[in-house]
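Presented below is the structure to which this report refers.
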Amino acid sequence: MDDLLSPAPGEATQELPGHATDALSNALFLAEASRLLAASLDYETTLATVARLAVPHLGAWCIVDVVEPDGSARRLSIVHPDPAKQPLVRELRAGWPPERDDPLGAPAVMRTRRAEVIPLVDGELLARVARDEENLRLLEELGIGSLMVVPLVARDQVLGAITFVGPSGGSGFSARDLELAEDLAARAALAVDNARLYSAAAESRAAAEAARGAALAAERAKGQFLAVTSHELRTPLNAIIGYTQLMELGIDGPVTDAQRAKLERIRASGKHLVGLVNEILDMARVEAGRMTVRREPGDVAEAVEAARTLVHPQILESGHTLENRCAGAASAGYVGDADRVRQILVNLLMNACKFTPRGGRIVVSCGVTATPDPRATLAGVGPWTHVDVADTGPGIPPEKVEAIFEAFVQGETEAFTRTQGGSGLGLAISRRLARLMGGDLTLDSPPGEGARFTLWLRGPQDAPARAEGADGDGAPGMGMVGSLVLERMGAILAGYTSRLRASPDLPATPDTSDAELQNHALNFLSGVTQHMLALETGDATTDMARDSERIQRTILELHGAQRRRLGWTEEQLRRDLAVLREEVLCQVREAAPPEAPLDAALGVLERMMEQAERVTLRAWQAAADDDGGDPPPG
């Protein structure tokens with residue numbers, strides 16, 4: 001780090017300039033500092049570079065301290081504008097580490113979380129902070145006239161402090177200097193926090209990779225076990241079914257009606273067991289990544305009719321009415337695996353049949369749209385084909401809407417009091433198959449209005465048939481939209497902040513800094529940009545893209561929790577996110593060439609912003625639950 005202690009070429013050397021008072025100069029300084037902070041995830045090097053940038057601007061030399069994971073403080077760097085005094089700086093850094101109980105300076109500020117300004121540091125005060133005579137000599141030779149110390153705070157955690165030291169005989173620090181220093185510290189704290197989050201994510205990924213190796217070995221063992229077990233189970237089950245059919249045919253003598261009824265039950269039970277074995281095998285293949293699907297053009301009407309034919313006996317037995325609104329819907333095509341699409345639809349129809357009271361109604365409808373449900377996990381542009389299976393049953397409780405897609409979960413609350421049979425694998429397998437084909441399976445179940453499952457598949461004109469596993473959608477316009485967001489980032493954040501302050505319904509008080517208002521917006525939008533560029537090039541499923549998605553989710557969760565701590569209500573948070581979305585779309589449309597075909601790409605951008613809103617609101621609600629549901633503070 002010693003090479004970072006000397007001023008960069010072109011910086012002031014002997015004479016310290018006067019304190020910055022020009023608003024434009026301060027704005028340019030903060031813009032350059034923000035650029036440096038966003039340019040690297042090595043926060044130690046970046047902080048030292050920003051400190052060096054601040055030395056000529058604030059007319060002071062600078063000390064940066066950071067908090068270690070164990071709570072102790074570490075002196076990261078000392079930057080002095082005079083190259084001749086660098087040997088003294090090195091000695092001071094080695095012999096003057098921050099102590100937890102120091103009465104003033106960085107340790108005191110890190111305890112109180114409040115900035116500290118000492119207009120005049122006299123000899124008595126200097127003697128109090130010095131460790132020994134040698135330390136005092138170094139401080140006197142370096143020259144200390146005034147002190148300004150600001151904390152680095154992010155997510156309600158103290159990450160360190162920056163100390164600005166004015167020269168002996170100087171005019172001291174002004175209120176404008178303190179405001180500038182606090183703004184710089186807020187931006188630096190966010191950069192440190194994001195860098196640490198990224199590092200934690202990388203460590204988590206390394207641990208996950210190590211665990212994945214062990215899991216793969218376990219998966220192989222499980223797969224071999226299931227393959228052997230399925231063979232051993234299906235062989236006697238098929239024999240039971242076969243001999244039952246022979247007995248029904250009367251090969252060994254006449255069969256009475258009562259005996260025939262019992263044989264029919266034996267055969268039906270055998271087929272049911274074979275179906276359960278097949279479901280377990282399918283689930284094992286999907287989880288092990290060995291399930292293959294085709295991506296070929298298909299017709300929704302044909303798939304629905306094939307599924308309806310298979311479940312027709314169960315529909316009649318239950319007394320339900322099945323209305324097929326997809327018959328003759330020639331425009332509803334899809335790209336996928338016809339066998340797997342039929343399997344999914346059979347699962348959905350059987351599920352509706354089982355959980356709808358006798359005499360209920362099941363409606364199957366379909367269509368094509370360019371704006372799918374934002375809850376669906378879909379990559380690239382549409383159009384998207386949807387098949388809806390709605391019933392008049394009791395519906396799914398809100399708390400189980402996502403859990404219902406997990407393995408071995410059914411809609412009924414208690415596992416030991418189920419009124420319906422089944423393994424609880426059908427929906428889990430169906431969603432995984434849909435996602436393997438590039439689509440998704442979603443659920444909408446308003447209380448008391450039944451359930452509507454929607455299968456999403458790519459529309460036929462989007463892409464030719466491709467081999468299973470071929471990712472990357474090459475969405476036209478994604479790269480341009482991502483580049484425009486990056487290009488207009490400053491205008492987006494400025495407009496967003498200005499509108500938050502101007503809105504009478506939002507708690508954006510004059511005491512709230514720009515950094516607090518913008519919070520993690522810069523980092524979130526940077527992640528959006530990266531993801532859209534990845535979609536353009538087909539790299540949306542790379543390890544880097546997946547890491548980026550995890551970090552973006554963490555950033556959004558932090559934003560929701562931070563707004564709760566600042567006293568924002570749920571409605572105010574929704575308005576906050578709406579303002580950011582409006583500013584992004586407005587700036588992109590304003591900067592885009594008039595002839596650019598960006599409607600589809602902008603639709604994807606809007607869906608990403610809507611998904612971000614859901615993550616943020618869930619984090620806000622989680623923070624509210626931690627508060628016991630009390631009104632937000634403030």
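Only a predicted model underlies this, so the values are computations on that prediction, with no experimental measurement involved. Below, all heavy atoms of this structure are taken into account, side chains as well, without hydrogens, waters or symmetry copies.
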Check your understanding: What residues form a side chain to side chain donor-acceptor pair (under 3.5 Å) with R499, not counting sequence neighbours?
Key -> E582, E583

Review point. Is there a donor-acceptor contact under 3.5 Å from the side chain of W568 to the main chain of R574?
Key: no

Review point. Is the number of heavy atoms from other residues, nucleotides or ligands under 6.0 Å of E179 CD greater than 12?
Key: no

Check your understanding: Does a sphere of radius 6.0 Å around CZ in R114 hold more than 12 heavy atoms from other residues, nucleotides or ligands, not counting ones at 6.0 Å or beyond?
Key -> no

**Study point:** Considering all heavy atoms, the nearest V109-V150 contact
**Key:** CG1-C, 4.1 Å

Check your understanding: So which heavy atom on D440 is nearest to which on T377, and how close?
Key -> OD2-N, 2.7 Å

Review point. Should V165 and I63 count as side-chain neighbours, where that means a heavy-atom distance under 4.5 Å?
Key: yes

Revision key, fill the gap. Residues A189 and L159: closest non-hydrogen pair is O-CD1, 3.5 Å

Practice item. To the nearest 0.5 Å, tell me how far L178 CG sits from D183 CG. Key: 11.0 Å

Check your understanding: Does any non-hydrogen side-chain atom of S146 lie less than 4.5 Å from one of L120?
Key -> no

Study note, to complete from the structure: Those residues at least two apart in sequence (or on a different chain) that pass salt bridge (charged side-chain N to carboxylate O under 4.0 Å, His left out) with R74 are E44, E68

Practice item. Under the side chain to side chain donor-acceptor pair (under 3.5 Å) rule, collect the residues that match up with Q572, sequence neighbours excluded. Key: T569

Revision key, fill the gap. Here the pair of heavy atoms bringing A106 nearest to D65 is CB-OD2, 3.2 Å

**Study point:** Pairing residues for R581 by the side chain to side chain donor-acceptor pair (under 3.5 Å) criterion, not counting sequence neighbours
**Key:** E613

Exercise for review: Kindly indicate whether the side chain of F164, heavy atoms from C-beta on, has any atom under 4.5 Å from the side chain of L184.
Suggested key: yes

Point to revise | Side chain R575, main chain S503, donor-acceptor under 3.5 Å | key: no

Check your understanding: Side chains of L605 and V584: does their closest heavy-atom pair fall under 4.5 Å?
Key -> yes

Review point. Which residues satisfy the salt bridge (charged side-chain N to carboxylate O under 4.0 Å, His left out) test with E133, sequence neighbours excluded?
Key: none

Exercise for review: Could you tell me which non-hydrogen atom of V67 sits nearest to which non-hydrogen atom of G160, and how far apart they are?
Suggested key: CG2-N, 3.8 Å

Point to revise | Polar side-chain atom of S498 near backbone of A494 as donor-acceptor pair, under 3.5 Å | key: no

Review point. Taking it one step at a time, do L147 and T163 satisfy side-chain contact (heavy atoms from CB on, under 4.5 Å)?
Key: CA-CA 7 Å; L147 282 178; T163 303; 3.9 Å; yes

Point to revise | Partners passing side chain to side chain donor-acceptor pair (under 3.5 Å) against E606 (at least two apart in sequence or in another chain) | key: none

Review point. Charged N to carboxylate O below 4.0 Å: is that the case for R488 and E590?
Key: yes

